[in-house]
Amino acid sequence: MVLEIENLVKRYNGNLAVDNVNMKIKNGEIFGLLGPNGAGKTTIINSIIGLTQIDSGVVKIFEKDFIKNEMEIKKDIGVVPQDIAVFEDLSALENVEFFGKLYKLKGADLKLKVKQALEFTGLWDKRKIYPKKFSGGMKRRLNIACAIVHQPKLIIMDEPTVGIDPQSRKHILNSVKILNERGATVIYTSHYMEEVEELCSYITIMDNGKIIADGTKESLKELVSNENRMEINLTKIENRITDVLKKIEGVKEVIIEDDKLVIVSNREIKNAGEIINNILKMDMEIVSINFEEPTLENVFLTLTGRKLRD
Ligand code: ADP
């Protein structure tokens, strides 16, 4: 195991941010930590790397207790924090060099690895530029270059694609895949389920400080595969439709999202006709009807009754 967390608890002013979490991450995995804002993802990441003092629990990295072996373990970890951490008054190259030196790289080895990190993130041509001239996406890529210059075995990325342009986003997602193919284990946190679905070999879904489901994306989708999801767009929705539809056999959940009704039913029961009849009876005009394949968003919705992204 690259990482093992046992019974991790963290409170802020008495409020539980992480509620007795257990996690195991195997070597070579791209491990996705998925959950809405406030779920506790960053608190877990900060606990793993010693930035947050935990209330109780054990964190083992590379089979060693983190607290007792912090310095040794940190040499093999690269962290891309949620808030960009680069020096505005150093050039891109100087920034990466600074981080390389922190990890005790020197001489020709330092030069080579700095060049490799900048090339890898597509910033070698921009190495003399100061980050204040960079776009958000380029700064994020510089942050990644700083985090991987020492070629860590474990790379932790906390929401690395929030607020950046599509081109940088694509670049970052691709970089994660390449770093993993070269042998690094990656922990990737996000509230974008499409990213986690595309990238991650194992996914843990969190909500309110707790793990609510984990597994491969296939196994997570199996959790909702005995369900049928129907999405009906309407010109207007009367709230009392929820109670009417819930009385129909097989209907498990009715959710109103703007102009859309989402109806989750038991797959075995054919109730589409009855659902539509009841909607028409209430004089609501149907614009379109879709039957959806399960996504991680559906898994979250089914388990919590809420959307992943508000
Ligand atoms: P996520 O990364 O999933 O968005 P966080 O770990 O940032 O979630 O937050 C989990 C919970 O802990 C939230 O309720 C948040 O408000 C709270 N929290 C996080 N950091 C602090 C802090 N430094 N002080 C007080 N509360 C915090």
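Numbering of ligands and ligand atoms starts at 1, following listing order. The structure displayed is predicted, hence computed values, not measured ones.
With Thr242 as the fixed residue, the side chain to side chain contact (heavy atoms under 4.5 Å, CB included) test singles out one of Val254, Ile237, Val251: Val254.
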Distance-only donor-acceptor pairs under 3.5 Å for side chains of residues 142-156, two or more places apart:
unit_1, atom_1, unit_2, atom_2, d
Asn143, OD1, Ala85, N, 3.3
Asn143, ND2, Ala85, O, 3.3
His150, NE2, Ile77, O, 2.8
Gln151, NE2, Gln116, OE1, 3.2

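The hydrophobic cluster around Leu16 extends to Val9, counting ILVMFWY residues whose side-chain heavy atoms fall within less than 4.5 Å of a member.
The pair Lys217-Glu197 does not meet the salt-bridge criterion, since no charged nitrogen lies less than 4.0 angstrom from a carboxylate oxygen. The pair Lys24-Glu29 fails the salt-bridge criterion, with no side-chain N (NZ, NE, NH1 or NH2) lying under 4.0 Å from an Asp/Glu carboxylate O.
For ligand 1, the 4.0 Å heavy-atom shell takes in Tyr12, Ala17, Pro36, Asn37, Gly38, Ala39, Gly40, Lys41, Thr42, Thr43, ordered by chain and residue number.
In this structure Gln167 satisfies the side-chain contact (heavy atoms from CB on, under 4.5 Å) test together with Asp165, sequence neighbours excluded.
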